[in-house]
Amino acid sequence: MNRPRPECILTDIEGTTTAIAFVKDTLFPFAAAALDGFLDAQGDDPQVAAILAEVPGPDQRATLRAWMAADAKVTPLKSLQGLIWRAGYEDGRLHGHLWPDVASCLRAWAQAGVTLAVYSSGSVPAQKLLFGHSVAGDLTPVFAGFFDTTVGTKRDPASYAAIAATLGIPPADILFLSDVAEELDAAAAAGLRGCQLVRTADGTQPCPRHVQAADFPAVARLYALPAPVAPPVATR
Ligand SMILES: CSCCC(=O)C(=O)COP(=O)(O)O
Ligand SMILES: [Mg+2]
C-alpha cells in the first residue's frame with residue numbers, strides 16, 4: 001500500500017540509521033574508558049562543570065558510571081558522552097556507523113524537498129558528530145533540525161508536539177522512524193505518523209501496532225519517496 005509522501009521525516013539513530021552494536025560496543029565503551037581522564041583534564045571547563053552540576057550524588061563519577069551501566073537516557077550523561085566522543089571523531093578513531101541503505105536514501109529524500117530532522121537520546125552535538133563523521137561522509141547538510149532529550153524524553157508525546165512546533169510542520173505531515181514501539185506510540189499520540197524500522201541484524205522485535213519497514217528503501221516504497229537507483233549489477 002502506497003501512503004502519501006510526508007513533508008518531513010524525523011529519524012531516530014540507534015537501531016534505525018545506525019547499528020545498536022556500534023552504539024553499545026564502540027561508542028559507550030569509548031566514553032566509559034575515557035571518562036576519568038576527560039574529567040581530570042577538563043572537569044573545571046565551564047561547559048563540563050555545568051554538566052556536572054546536573055549530576056546528583058556525593059560521587060558524581062560513580063553516578064555517571066551507574067548511568068552508563070544502565071544505559072540511562074539522561075541529559076547530563078548524554079551531553080558528557082558527546083564531549084568525550086568529539087576527540088575520537090576528530091582524530092579518526094571513530095566513524096559514525098550508518099546502515100548501507102541509509103545515506104543514499106537521506107540524500108535522495110532531501111534532494112526531493114523532504115524536510116529531514118533527527119531525534120535521538122544522544123545529545124545534539126553527538127548527533128552532529130556521528131552524521132558529520134559518518135562512514136558515508138558528512139551528512140549533516142541534509143538535516144534541517146536536530147533534537148535531543150532537552151525537548152523531552154522519547155516516550156513522551158509532548159516531545160513530538162514540541163518538535164513539530166519548532167519545525168513549523170503539522171504533526172500529521174511528519175513521519176517518525178524508530179525501532180522502538182514505545183517511541184512510535186508516543187509520536188502517534190502527538191499526531192505524527194510512524195514507521196518501525198525492523199532491522200534483522202539488530203534483532204528488532206516487530207510491533208503489530210505500527211507500519212514496519214526492513215530498511216530505508218522499504219520506507220521509500222511505503223511512502224511514495226524517491227529511492228536511489230541501485231548500482232548496476234555486473235553481468236557477463
Ligand atoms: C547520537 S549518537 C549516540 C546515541 C546515544 O547515545 C543513544 O542513547 C541512542 O539513543 P537513540 O535515541 O538514538 O536510540
Ligand atoms: Mg532507536
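Along the sequence shown, the residues carry numbers beginning at 1.
- Among K78, K154, K24, the one residue that satisfies the salt bridge (Lys or Arg N to Asp or Glu O under 4.0 Å) test with E14 is K24.
- Put simply, the side chain of D179 does not reach to within 4.5 Å of the side chain of R199, judged on heavy atoms.
- A donor-acceptor pair under 3.5 Å is formed between the side chain of Q60 and the backbone N or O of L52.
- Going from atom CZ of R93 over to atom CZ of F30 covers 4.0 Å, rounded to the nearest 0.5 Å.
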Report the C-alpha distance between L175 and R3 in whole Å, list the side-chain angles of each, state the deciding distance to 0.1 Å, and finish with yes or no for side chain to side chain contact (heavy atoms under 4.5 Å, CB included). CA-CA 11 Å; L175 175 66; R3 297 164 173 82; over 6 Å; no
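- Using modelled atom types, no side-chain atom of S178 and backbone atom of L184 make a donor-acceptor pair closer than 3.5 Å.
- In the hydrophobic clustering of ILVMFWY residues, with side-chain heavy atoms under 4.5 Å counting as a link, V23 and I20 come out apart.
- Between T149 atom OG1 and K73 atom NZ the span is 10.0 Å, to the nearest 0.5 Å.
- Under the 30°/60° scheme for interplanar angles, the aromatic rings of Y119 and F176 are found to be tilted.
- Checking side-chain atoms of T166 against main-chain N and O of A162 turns up a donor-acceptor pair under 3.5 Å.
- Looking at every heavy atom in both residues, R86 comes nearest to L129 through CA-CD1, 3.6 Å.
- R61 has a carboxylate O that lies under 4.0 Å from a charged side-chain N of D40, or vice versa, which qualifies the two as a salt bridge.
- V48 places a side-chain heavy atom less than 4.5 Å from the side chain of L80.
- In this structure, the side chain of E54 does not engage the main chain of T75 through any donor-acceptor pair within 3.5 Å.
- Qualifying ring pair (Phe, Tyr, Trp, His ring centres under 6.0 Å) partners for F143, counting only residues two or more places apart in sequence or in other chains: F131, F146.
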